[in-house]
Q: 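Sharing a structure with you now.
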Amino acid sequence: MISIDTTATTPTTVAAPATTWVAGFRSAVLGAYEDIQIQPSRAFRDQTLRQILHMDGGGTTLRVLLSNEYGREPLVIGAARVGAAGAGGVVDPAREAVLRFAGAAEVTIPVGARIQSDPVEFATEAGTDLALTLYFPEDTGLATYAHTPSQNAYLVAGNAVGRAAFDDAEEVDGRYYVAGVDVLAPEGTAIAVAFGDSWFGGGGTTVGANLRFPNQLNRRLARGWVVNQGLGGNRLLTDEVGLHGLARFERDVLSVPGATHVLFHFGLNDLGLPGMSGKPPAGAADLIDGFIALAAQARAAGLTSIAATMGPYGGTIYPGVDSVQGRAERRRVNDWIRASDVFDAVVDVAAAVQDPDAPDFIRADLDSGDHLHLNDAGVRAMADAYDLAYVRL
């Protein structure tokens with residue numbers, strides 16, 4: 001006789017943790033035909049470009065977002081791969097995957113468009129250096145790009161997507177056609193968007209060292225992460241180096257999957273760049289109105305907004321940028337930010353990095369040397385000024 005033990009525990013199935021798409025990396029882009037070009041773009045033809053993307057966070061699967069928003073002709077990508085990057089951009093063949101677009105290995109991105117790759121199982125984590133290798137079989141024209149990304153790329157002739165090492169590469173100062181990388185991460189992962197100018201973008205930091213503001217703030221976070229939408233030279237109120245902050249908020253913040261927080265640092269270029277062409281700086285009242293509008297957009301989207309006071313730039317080496325009027329307007333705006341209640345939190349970045357004896361100037365040991373941008377230690381001081389109780393990732 002066969003007996004059945006009715007007291008045995010019935011096996012149960014444990015559901016896999018729920019996941020969702022969130023931003024693991026972001027790159028603010030602009031066109032090659034701006035009024036002010038901090039670093040010019042370039043074109044490619046029958047060349048392979050390998051770009052290193054330092055991931056802010058990771059997941060089990062990824063998809064890559066490419067942009068031809070500012071191109072003047074369709075962009076043909078003949079082949080694309082992602083891999084784990086080592087020193088000099090060398091890819092580990094055991095950790096590499098082909099990217100496809102609607103199932104195809106080749107894709108043409110129309111003028112003015114962005115396109116997302118198909119998802120590919122490729123595990124990443126915070127700090128992973130992802131190598132994105134793109135082959136351009138035809139003349140691309142001047143590229144949609146991010147200038148001065150504080151990371152060199154590697155360029156070789158012909159179709160070299162399958163090569164592990166680019167020993168004969170030209171090192172290129174720029175990031176081209178890349179708008180971001182999304183990852184499948186646990187539901188509830190919080191994402192903050194660092195939205196602003198070169199103080200977020202990485203100007204003044206050591207190239208290739210991953211010491212930009214989001215990188216340094218991320219090292220303090222126990223969960224969640226910050227992605228970088230800083231754009232050097234970008235203004236809050238006026239198109240001149242990329243779309244101005246109010247205009248690009250929807251694209252560069254609201255469209256970021258998983259975004260829960262937005263961090264602001266704007267205004268320096270509104271004060272300084274007009275002086276390069278003999279024009280007066282933006283007025284404090286106009287900048288304050290711009291900040292109020294940004295805060296309103298963030299609030300309407302349900303995002304936590306954290307504003308930073310504008311850092312000092314007295315004595316900068318760039319002609320016309322530093323002015324008596326600009327310094328006065330910066331102090332007025334910073335006083336307003338410190339006392340404002342339109343943001344969920346405020347960080348006094350200016351106080352964290354200024355010379356206590358000359359507050360219009362960056363402290364000497366935190367200065368990159370141009371008296372406008374912070375060095376690696378200065379960016380660390382800026383990141384350390386953020387109270388994690390406010391960031392709450």
Side-chain angles (χ1 to χ4, degrees), residues 192-201 213 217 229-231 233-240 244-249 252-253 261-275 279-301 303-316 321-363 372-374 378 381-387 389-391:
V193 181
F195 183 58
D197 51 32
S198 58
W199 279 50
F200 282 174
F213 165 76
L217 182 54
Q229 293 283 39
L231 182 60
N234 196 224
R235 296 175 65 170
L236 174 60
L237 303 175
T238 305
D239 290 348
E240 193 169 55
H244 64 281
L246 288 170
R248 71 182 181 97
F249 186 83
D252 288 349
V253 178
H261 296 62
V262 58
L263 317 180
F264 296 121
H265 185 279
F266 273 108
L268 290 182
N269 297 307
D270 297 82
L271 297 176
L273 289 186
K279 298 176 183 177
D286 290 335
L287 285 170
I288 289 168
D289 285 346
F291 278 117
I292 291 171
L294 277 183
Q297 290 187 64
R299 187 180 307 109
L303 302 178
T304 298
S305 64
I306 304 174
T309 54
M310 283 184 279
Y313 61 97
T316 182
V321 170
D322 182 21
S323 67
V324 172
Q325 184 181 352
R327 293 187 191 189
E329 301 292 357
R330 185 182 76 92
R331 288 192 292 269
R332 292 188 187 101
V333 175
N334 280 351
D335 287 345
W336 174 82
I337 291 174
R338 293 182 183 106
S340 173
D341 61 358
V342 303
F343 305 104
D344 294 296
V346 167
V347 180
D348 199 347
V349 164
V353 302
Q354 70 193 16
D355 183 336
D357 297 321
D360 286 323
F361 293 76
I362 297 171
R363 211 173 81 196
L372 174 63
H373 296 100
L374 301 172
M382 177 169 66
D384 287 347
Y386 280 72
D387 185 338
Y390 293 144
V391 179

Q: Side chains of residues 291-299: which donor-acceptor partners sit under 3.5 Å, not counting sequence neighbours?
A:
| from | atom 1 | to | atom 2 | distance (Å) |
| --- | --- | --- | --- | --- |
| R299 | NH2 | V342 | O | 2.8 |

Q: Answer whether the closest heavy-atom distance between the side chains of F266 and L287 falls below 4.5 Å.
A: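 Side-chain contact under 4.5 Å: no.
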Q: Evaluate V193 against D252 for side-chain contact (heavy atoms from CB on, under 4.5 Å), listing each step before the verdict.
A: CA-CA 8 Å; V193 181; D252 288 349; 5.9 Å; no
Q: Of all heavy-atom pairs between H373 and S198, which one has the smallest distance, and what is that distance?
A: NE2-OG, 2.9 Å
Q: Can you say whether the rings of F195 and F249 are parallel (under 30°), tilted (30 to 60°) or perpendicular (over 60°)?
A: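 The rings of F195 and F249 stand perpendicular, inter-plane angle above 60°.
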Q: Determine whether a donor-acceptor pair (N or O, by modelled atom type, separation under 3.5 Å) exists between the side chain of E329 and the backbone of A284.
A: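 Checking the backbone N and O of A284 against the side chain of E329, a donor-acceptor pair under 3.5 Å is found.
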Q: Any non-hydrogen side-chain atom of D239 less than 4.5 Å from a side-chain atom of H244?
A: yes
Q: Any side-chain heavy atom of D322 sitting closer than 4.5 Å to one from D360?
A: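 Result no, sub-4.5 Å side-chain heavy-atom pair not found.
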Q: How about W199 and V353: do any of their side-chain heavy atoms sit closer than 4.5 Å?
A: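 The answer is yes, as the side chains (C-beta and beyond) meet within the 4.5 Å cut-off.
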Q: Working to the nearest 0.5 Å, report the span between CG of D344 and CD1 of I306.
A: 7.5 Å
Q: Minimum heavy-atom separation for L273 to G233, with atom names?
A: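 Residues L273 and G233, closest heavy atoms: CD1-O, 3.4 Å.
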Q: Might you point out which heavy atoms bring R248 and G196 nearest each other, and give the distance in Å?
A: NH2-O, 2.8 Å
Q: H265 and A308: which non-hydrogen atoms are nearest, and at how many Å?
A: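 Of all heavy-atom pairs spanning H265 and A308, the closest is CD2-CB, 4.0 Å.
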Q: Check whether any side-chain heavy atom of R330 lies under 4.5 Å from a side-chain heavy atom of Y313, and answer yes or no.
A: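 Sidechains of Y313 and R330: in contact.
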Q: For N269 and D197, indicate whether the former's side chain and the latter's backbone hold a donor-acceptor pair under 3.5 Å.
A: no
Q: To the nearest 0.5 Å, what is the distance between CE (M310) and CD1 (I337)?
A: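 The distance works out to 5.5 Å.
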Q: Please report the shortest heavy-atom distance between D270 and L237, naming the atom on each side.
A: OD2-N, 3.1 Å
Q: Given the rule in the side-chain contact (heavy atoms from CB on, under 4.5 Å) test, do F200 and L231 qualify, once you have shown the distances and angles that lead to the verdict?
A: CA-CA 8 Å; F200 282 174; L231 182 60; over 6 Å; no
Q: Not counting sequence neighbours, which residues clear side chain to side chain donor-acceptor pair (under 3.5 Å) with N334? List them please.
A: none
Q: Please step through side-chain contact (heavy atoms from CB on, under 4.5 Å) for the pair L263 and L217, ending with a clear verdict.
A: CA-CA 12 Å; L263 317 180; L217 182 54; 4.0 Å; yes
Q: Rounded to the nearest 0.5 Å, what's the gap from NZ on K279 to OG1 on T238? Could you check?
A: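 Answer for the NZ-OG1 pair, K279 versus T238, is 9.0 Å.
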Q: Okay, side chain of S305, backbone of V262: is any donor-acceptor separation there less than 3.5 Å?
A: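 No, the answer is negative, given that no donor and acceptor are paired below the 3.5 Å cut-off.
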Q: What's the separation between atom CG in L246 and atom CZ in R235, rounded to the nearest 0.5 Å?
A: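 Spacing of CG (L246) from CZ (R235) equals 12.0 Å.
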Q: Can a salt bridge be assigned to the pair D335 and R338 using a cut-off of 4.0 Å between side-chain N and carboxylate O?
A: yes
Q: If I compare all heavy atoms of A352 with all of A385, which pair ends up nearest, and what's the gap?
A: CB-CB, 3.9 Å
